[in-house]
Amino acid sequence: MSENAELSDFIRDIVREDLKTGKHSEIVTRFPPEPNGYLHIGHAKSICLNFGIAAQFGGRCHLRFDDTNPVKEDQEYIDAIIEDVRWLGFNWGEHLYYASDYFEQMYEWALALIRKDNAYVCTLSPEEFKDYRGVPNRPGRESPWRNRAVEESEDLFKRMRAGEFADGQYVLRAKIDMASPNLHMRDPVIYRIKHASHPHAGDKWCIYPTYDFAHGLEDSIEKITHSICTLEFEVHRPLYDWFLKALAVYHPRQIEFARLNLSYTVMSKRMLLELVRDGIVNGWDDPRMPTIAGLRRRGYTPEAIRAFCAAIGVTKYNGITDIALLEHCIRDELNRTAARRMAVLNPLKLVIENYPEGQVDELEGINNPEDPSAGSRKISFSRELYIERDDFMEEPPKKFFRMGPGREVRLRYGYLVQCTGFEKDAQGNITEVRCTYDPETRGGNAPDGRKVKGTIHWVSAAHAQRCRVRLYDRLFNVERPADVEQGEDFKQHLNPDSIGEIEALVEPAVAAVEPGSRLQFERLGYFYADHIDSQPDAPVFNRIVPLKDAWAKKRGG
RNA sequence: UGCCCGAUGGUGUAACGGUAGCACGAUUGACUCUGAAUCAAUUAGUCUAGGUUCAAAUCCUAGUCGGGCAACCA
């Protein structure tokens with residue numbers, strides 16, 4: 001992954017330093033998702049960071065499922081996460097792990113903590129627990145069970161495991177400091193009873209460790225050198241360190257960075273799940289979703305996503321990245337790689353009055369002006385064509401470089417044509433535009449050297465084929481949809497026009513495209529032949545991103 | 001309110017005591033058989049107040065603003 005070659009940020013600085021001082025000779029990172037939802041572009045940032053660092057410094061990166069809460073987790077998510085990380089282009093080799101595979105070891109460590117009087121079984125109910133914990137600016141009170149005999153705690157903990165108790169009846173807590181200004185240090189729960197089937201461990205356990213207890217131990221077992229996580233875990237770091245120290249085991253270093261926020265979308269698993277559950281989108285892989293699966297379905301490439309992750313950088317500043325940067329990354333790649341084709345999304349018939357009926361001309365179209373090796377193709381031209389409705393105006397302003405009565409434009413790779421008139425139906429809709437062509441301008445250039453400002457795309461009516469095209473737009477119409485007032489719903493900011501499906505007229509070479517291909521429809525944008533909905537010879541296209549449109553801006557004011 | 005973290009153009013990010021740079025966006029122009037791309041230019045920034053220093057975006061203090069933390073979630 002050469003895009004990582006010279007990346008630098010405060011975390012890489014630390015890694016570089018640790019290598020230089022000899023603190024570590026090999027770097028080991030990990031990407032530790034909880035399988036309780038689909039991965040999104042924010043996870044891609046973390047994936048690129050962790051796998052990227054490992055690649056850059058010649059170490060390795062583990063994929064580890066942090067599956068400590070069976071009631072929220074599911075095999076579906078495990079499978080999807082594996083697929084997504086792999087699709088993004090990363091390889092964990094043999095290093096696929098599950099926190100649940102370490103449960104026996106964690107249980108032993110919990111026992112060790114009990115025996116060292118560093119943990120105790122607490123009988124407080126959840127309500128009492130809350131009450132005893134206190135609030136941030138007031139210390140908590142010690143649980144009456146805090147000084148339970150070590151033997152009794154040990155016995156109870158074993159019986160918790162044996163399944164003798166109901167959910168919530170007992171918990172195992174670390175004995176730290178109920179007066180700590182850091183709430184997480186006030187005797188946190190480290191094991192709770194959950195009689196639930198686990199997607200990976202099955203029914204082997206009915207007690208499960210909490211994140212705070214488990215995570216550092218997982219890192220320690222795997223000899224992770226740098227445990228990279230997001231900012232909200234900063235206040236957990238003292239706890240992370242406390243467990244590793246109390247158990248005197250290998251001690252990785254936790255480093256926090258700011259998670260990604262993207263404009264015009266939401267990134268919280270809760271909100272994403274809500275969109276899926278409420279049927280506002282068509283599943284986790286809806287092309288409007290910021291999930292990896294959604295972006296893939298939309299037509300984004302792993303390369304573009306990685307380029308984006310490299311471009312946004314890594315800091316501790318919690319900002320919001322403009323989605324325009326993501327769009328830039330995919331345009332930048334597709335401009336270099338995507339074949340050009342002509343498609344008319346909103347057709348208007350154009351009749352060339354002086355072109356012989358029945359005559360067909362085979363014109364040559366360049367497949368990709370950015371890539372000569374992409375070659376060219378033949379495009380059929382005939383008397384009746386379709387052009388884009390937006391490319392004709394009855395009374396065009398001066399700056400409109402397209403068709404209008406009396407105006408001359410170029411038909412891409414075809415001829416110069418001059419508009420001679422148009423027809424309307426009873427409702428006043430323009431139904432047809434008429435023109436004459438200059439036979440001397442075949443290919444698009446006039447021998448007399450005259451210039452035309454506008455070039456428009458077209459398809460031959462007799463040769464055009466129909467294709468379903470979905471025009472996607474941003475899911476929300478405000479920059480920060482997650483920032484809602486109390487009592488308001490983020491869904492009120494949904495963009496009602498985030499999806500529009502039309503039937504386009506396309507040149508035959510478009511209909512023949514392989515599912516999974518990406519094309520540029522000239523002057524319109526980049527489109528993806530959906531790998532799920534496309535049929536052989538009947539592709540269904542998703543608009544990945546439109547081309548930049550200077551005219552739309554000018555017109556829009 | 002207690003603790004932790006942060007603050008550089010519109011947005012993201014460099015500068016590691018010594019010329020505030022890059023990218024995206026926006027604007028303008030050149031070029032153009034894609035109003036794309038490309039090229040050129042313009043726009044616009046160190047939160048505030050003190051202090052240390054020959055010199056501060058950078059170090060110190062205070063304040064302001066923003067974020068995080070009171071799940072038996074991660």
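Naming convention: chains lettered A, B, ... in sequence-line order (proteins, then strands); numbering from 1 in each chain.
- If you check every strand for non-hydrogen atoms under 4.0 Å, A:T230 touches nothing.
- Within 4.0 Å (heavy atoms only), A:F129 reaches sugar-phosphate atoms of the nucleic acid but no base atom.
- Ring-to-base geometry places A:W551 in a stacked arrangement with B:rG35 (centre distance under 5.5 Å, plane angle under 30°).
- Listed pair A:T321 / B:rC24 fails the phosphate criterion, with no side-chain N or O lying under 4.0 Å from OP1 or OP2.
- With B:rA74, B:rC72, B:rC3 as the candidates, the nucleotide lying closest to the side chain of A:E34 is B:rA74.
- Not a single donor-acceptor contact under 3.5 angstrom links the side-chain atoms of A:D322 to the base of B:rU11.
- Looking at heavy-atom distances under 4.0 Å, A:L262 makes no contact with the nucleic acid at all.
- Closest to the side chain of A:E370, out of B:rA37, B:rC69, B:rC24, is B:rA37.
- Counting non-hydrogen atoms under 4.0 angstrom, A:E327 reaches nothing in the nucleic acid.
- Residue A:K130 has no polar side-chain atom (N or O) positioned under 4.0 Å from OP1 or OP2 of B:rA70.
- Residue contacts shown for A:S180 are absent, as no nucleic acid heavy atom lies under 4.0 Å away.
- Counting heavy atoms of neighbouring residues, nucleotides and ligands inside a 6.0 Å radius, atom CG of A:L183 exceeds 12 of them.
- Contacts of A:I320 with the nucleic acid, taken as non-hydrogen atoms under 4.0 Å apart, involve only primed sugar atoms and P, OP1 or OP2.
- Within 4.0 Å of A:D167, counting heavy atoms only, lies no atom of the nucleic acid at all.
- A sub-4.0 Å separation between OP1 or OP2 of B:rC73 and a side-chain N or O of A:R192 is present.
- Below 30°, between 30° and 60°, or above 60°: for A:Y102 and A:Y97 the angle between ring planes is between 30° and 60°, a tilted geometry.
- Using a 4.0 Å heavy-atom cutoff across all strands shown, A:P139 reaches no nucleic acid atom at all.
- The aromatic rings of A:H200 and A:H198 sit perpendicular to each other, their planes meeting at more than 60°, with 30° as the lower class boundary.
- Between A:R523 and B:rG35 there is a side-chain N or O to OP1 or OP2 distance below 4.0 Å.
- Residue contacts for A:N69: at a heavy-atom cut-off of 4.0 Å it reaches the sugar-phosphate backbone alone, with no base atom in range.
- Spacing between B:rG50 and B:rG66 at atom P, rounded to whole Å, works out to 23 Å.
- Using a 4.0 Å heavy-atom cutoff across all strands shown, A:D212 reaches no nucleic acid atom at all.
- A:R402 comes within contact range of at least one nucleobase, with a heavy-atom separation under 4.0 Å.
- Residue A:K72 has its side chain nearest to B:rC73 when only B:rA74, B:rC73, B:rA23 are considered.
- Distances were taken from every side-chain heavy atom of A:K194 (C-beta onward) to each of B:rU8, B:rA36, B:rC73; the shortest belongs to B:rC73.
- Heavy-atom contacts from other residues, nucleotides or ligands closer than 6.0 Å to CZ of A:R259 number 12 or fewer.
- Closest approach to the A:E234 side chain among B:rG2, B:rC4, B:rC69 is made by B:rC4 (side chain taken as heavy atoms from C-beta onward).
- Closest to the side chain of A:K316, from the set B:rC24, B:rC73, B:rC5, is B:rC5.
- For A:K548, whose side chain is taken as the heavy atoms from C-beta onward, the closest listed nucleotide among B:rC69, B:rA26, B:rA71 is B:rA26.
- Side chain of A:D66 to main chain of A:E34: no donor-acceptor pair is present (N/O by atom type, distance under 3.5 Å, no hydrogens or angles).
- Of the candidates B:rC5, B:rU32, B:rG35, B:rG35 carries the atom nearest the A:F400 side chain, counting heavy atoms from C-beta on.
- Side chain of A:L183, nearest nucleotide from B:rA71, B:rA70, B:rA74: B:rA70.
- Using a 4.0 Å cut-off, some side-chain N or O of A:R133 falls inside it from OP1 or OP2 of B:rC72.
- Counting non-hydrogen atoms under 4.0 angstrom, A:H236 reaches a base of the nucleic acid.
- Between A:R30 and A:E222, no side-chain nitrogen of the basic residue sits less than 4.0 Å from a carboxylate oxygen of the acidic one, so the salt-bridge criterion is not met.
- For A:P136, taking side-chain heavy atoms from C-beta onward, the closest of the listed nucleotides B:rG25, B:rA70, B:rU34 is B:rA70.
- B:rG6 has no base stacking with the ring of A:Y317 when judged by centroids under 5.5 angstrom apart and an interplanar angle below 30°.
- Ring geometry for A:H215 against A:Y240 counts as tilted: the plane angle lies between 30° and 60°, on a 0 to 90° scale.
- Across all strands, A:T315 comes closer than 4.0 Å only to sugar-phosphate atoms, never to a base (heavy-atom distances).
- Here A:G168 lies in heavy-atom contact (under 4.0 Å) with a base.
- Between B:rG25 and B:rA37, the two P atoms lie 8 Å apart (nearest whole Å).
- Counting atom types as modelled, A:R340 pairs a side-chain N or O with a base atom of B:rU34 as donor and acceptor under 3.5 Å.
- Relative orientation of the A:F476 and A:F490 rings is tilted, given thresholds of 30° and 60° on the angle between their planes.
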